[in-house]
Amino acid sequence: MTLQEQDLPKAVIKSVSKVSSIWLIPLVALTIGAWMIIDTWRQQGPLITIELSTAQGININETLVKLHEMPIGKVVDIKLNNKLNGVVLTARINKKASSLLTSDSQFWVVKPRISLGNISGLSTILSGAYIELSPGSKQTFSSNFQGLDNPPLTPFGTPGLHITLDSNSDHAFDIGDPVLYRGNKVGRIEYTHFNGKEGKFYYNVFIDAPYDQLITTNTRFWEVKGIEIDLSAEGLKFNTGTLETLLGGGVAFDVPSYMVKGEVITERAYFSIYPNKEKVNERLYSAGQNYMVLFSQTIRGLKPGAAVEYKGIKIGEVVRTDIDYPEVKDFLSKHTLLPVMIKVSPGRLGLQDNEMGVYKSHQDMKKWISKGLHGVLNIDNLLTGSMYIELKYHTIENSEPKTYGDLLLIPTADSELKQLFERVSSIVNTIEELPFNGVIDSANNALNAMNTAMNTFDSASFEVAELLKNPQSQALIAQLNQTLLSVENLTNSYTNGSQSNQQLNQLMQTIEQTVKALTPLLIQLKMQPNSLIFSGKQRLELEPKGQW
């Protein structure tokens, strides 16, 4: 061993513990982290998915889920749905709000909206869009929801009544259209559905409290249009609704004046919508039987929906006025009859409004046709030219009922108005055949003769006027006036009371007395001319002589 090797220190070997105390620090940190994770997991709420048609205005970790303007969650993910026609949002909801996630809860995006009824969501212009939650009433928990494209018109829990209306009218209502009671908005249409099999629209309607107490068993609903114009024989009626109904229309309701109020409806009920308020007094009938009528005259003014009446009572209506029938082949022929399809309702005939009533009325119709029932086309309104069909009996009974296609044919007859027009036309034709030309020629000749005479008279008057202007004629006229004055004076001298008149009267009396004195002598001379020579007995009396 060298000296250098003796000077080096020797290592001391000692045993070391297996676990170092420095590992306590990460262990403590891990424990705290685990506790924080567990606590966070325990405090956070569930994840839910919401399907929407678009993600417009929605951002991950920014868009909130709110209830009554209070945040209760946040959108954490956005992706397309499996059909690629929409989006699926994933949102984390606070644990305290997890009890609101029931199967009938509703979600929608709140953003600026402008509609006929109102303006909403203006506050989101600055804050951005968010998702609103409307809690449901069921107790079943759910984590998958179908979002609404539009916010519900009636918030959950609003006091009132839900009812269902149906209509087969050509006018369709939209979500948000108002429901009116005597002009006041008391409800709204929340949902629309079309039933293809029945051909009807169904509307879910909500009536706000306390107006829900007005819905009774006798309540009637009818359409309200913005502008209603009714031109009838009674005159022109022009009605306008509110500004909201003017733009989109609506539904009104009330109890008809001829009916009692009825029992109040407390749960969902079904009602039909009448075309207008005037139709409320008419009952709606569902069952009916179609028939055909053929007309030779024009059917201008006869529209589908026109009334079919019997003695002024409506028993049906016109269904079709077109010519789309296989029986119509030579339409422009003068012998072609125009087909019109009508529907008769058995309920309007006092029968049941069902298939049994249809069968009974159809059998009766065959009997009525054989007894002379005819269809007559009449004018309903002279101003508008609208027409209707009247069923009436004629004295001539019909033969066995016929069919047109697969429908029973009702014979037709001319209306009384058409018969009157034909009579007037016949009279006019007769007048036209009179020899007015000869009469007119004679009248023209007479007028010409009168014209010639008038011209001659005018010429003579002109000549007289020229004659009167001559000085010699004026002297002659003065002399004539002097002569007429002398005649007038002479005439005045013999008027009543004048001296000449008295002398003349005395002379006439003397002559009368002389004639009376000579009368016997003249009679004697007439009977016996020789009595002045030969004396004899005078015959004072004259005896009549006769021949046998």
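- Inter-residue side-chain proximity for His162 and Glu190 is flagged as met; some heavy-atom pair is nearer than 4.5 Å.
- Remark: Asn82 CG is loosely packed, at most 12 non-hydrogen atoms of other residues, nucleotides or ligands lying under 6.0 Å away.
- A donor-acceptor distance shorter than 3.5 angstrom exists from the side chain of Asn218 to the backbone of Val260, with no hydrogens or angles considered.
- In this structure the side chain of Tyr202 reaches within 4.5 angstrom of the side chain of Thr164, judged on heavy atoms.
- A distance of 8.5 Å separates CZ in Arg268 from CD1 in Ile163, rounded to the nearest 0.5 Å.
- Between the side chain of Ser98 and the main chain of Gly45, no donor-acceptor pair closer than 3.5 Å is present.
- A donor-acceptor distance shorter than 3.5 angstrom exists from the side chain of Thr219 to the backbone of Leu214, with no hydrogens or angles considered.
- Between the side chain of Asp104 and the backbone N or O of Lys138 there is at least one donor-acceptor pair closer than 3.5 Å.
- Counting only N and O atoms by type, the side chains of Glu69 and Tyr130 include a donor and acceptor under 3.5 Å apart.
- Note that CE of Met365 and CG of Leu373 are 6.0 Å apart. Values are rounded to the nearest 0.5 Å.
- The CD1 atom of Ile215 sits 14.5 Å away from the CD atom of Glu263 when rounded to the nearest 0.5 Å.
- In the displayed structure, Tyr325 atom OH is contacted under 6.0 Å by more than 12 heavy atoms of other residues, nucleotides or ligands.
- With a 6.0 Å radius and a threshold of 12 heavy atoms from other residues, nucleotides or ligands, Tyr211 has its OH atom at or below the threshold.
- Using the six-membered ring where Trp is involved, Phe221 and Phe253 have ring planes that are tilted, between 30° and 60° apart.
- Taking 4.5 Å as the limit, every side-chain heavy atom of Gln289 sits out of range of all side-chain heavy atoms of Val344.
- Residue Phe194 qualifies as enclosed at atom CZ: its count of foreign heavy atoms under 6.0 Å is above 12.
- Using the six-membered ring where Trp is involved, His394 and His374 have ring planes that are tilted, between 30° and 60° apart.
- Side-chain atoms of Asp353 do not come within 3.5 Å of backbone N or O of Gly357 as any donor-acceptor pair.
- Under the 3.5 Å distance criterion, the side-chain polar atoms of Asn94 are left unmatched by any main-chain donor or acceptor of Lys96.
- The closest side-chain heavy-atom distance from Leu80 to Val87 is below 4.5 Å.
- Rounding to the nearest 0.5 Å gives a distance of 5.0 Å between CD1 of Ile60 and CD1 of Ile78.
- For Gln352, the CD atom is loosely surrounded, since the number of other residues' heavy atoms within 6.0 Å does not exceed 12.
- Salt bridge absent: Asp208 and Lys185 never bring a charged side-chain N and a carboxylate O closer than 4.0 Å.
- A heavy-atom distance below 4.5 Å is not found between the side chains of Phe271 and Tyr203.
- How far CG of Leu408 is from OH of Tyr291: 6.5 Å, rounded to the nearest 0.5 Å.
- If you run side-chain contact (heavy atoms from CB on, under 4.5 Å) between Arg320 and each of Val318, Ile323, Asp324, only Asp324 comes through.
- Under the 3.5 Å distance criterion, the side-chain polar atoms of Thr90 are left unmatched by any main-chain donor or acceptor of Val76.
- Looking only at side-chain heavy atoms (C-beta outward), Lys343 and Asn290 come within less than 4.5 Å of each other.
- Residues satisfying the ring pair (Phe, Tyr, Trp, His ring centres under 6.0 Å) test with Tyr388, not counting sequence neighbours, are none.
- The line from OG1 of Thr321 to CG of Leu338 is 10.0 Å long, rounded to the nearest 0.5 Å.
- Between Arg348 and Ile313, every side-chain heavy-atom pair lies at or beyond the 4.5 Å cut-off.
- More than 12 heavy-atom neighbours from other residues, nucleotides or ligands sit within 6.0 angstrom of CE on Met259.
- Looking at Thr63, its side chain does come within 3.5 Å of a backbone N or O of Asn59 through a donor-acceptor pair.
- Around the CD atom of Gln139, the shell of radius 6.0 Å holds no more than 12 heavy atoms that belong to other residues, nucleotides or ligands.
- Listed for the Ser105 side chain is a donor-acceptor partner under 3.5 Å among the backbone atoms of Leu100.
- Between Phe201 and Ile273 the shortest side-chain heavy-atom distance does not fall below 4.5 Å.
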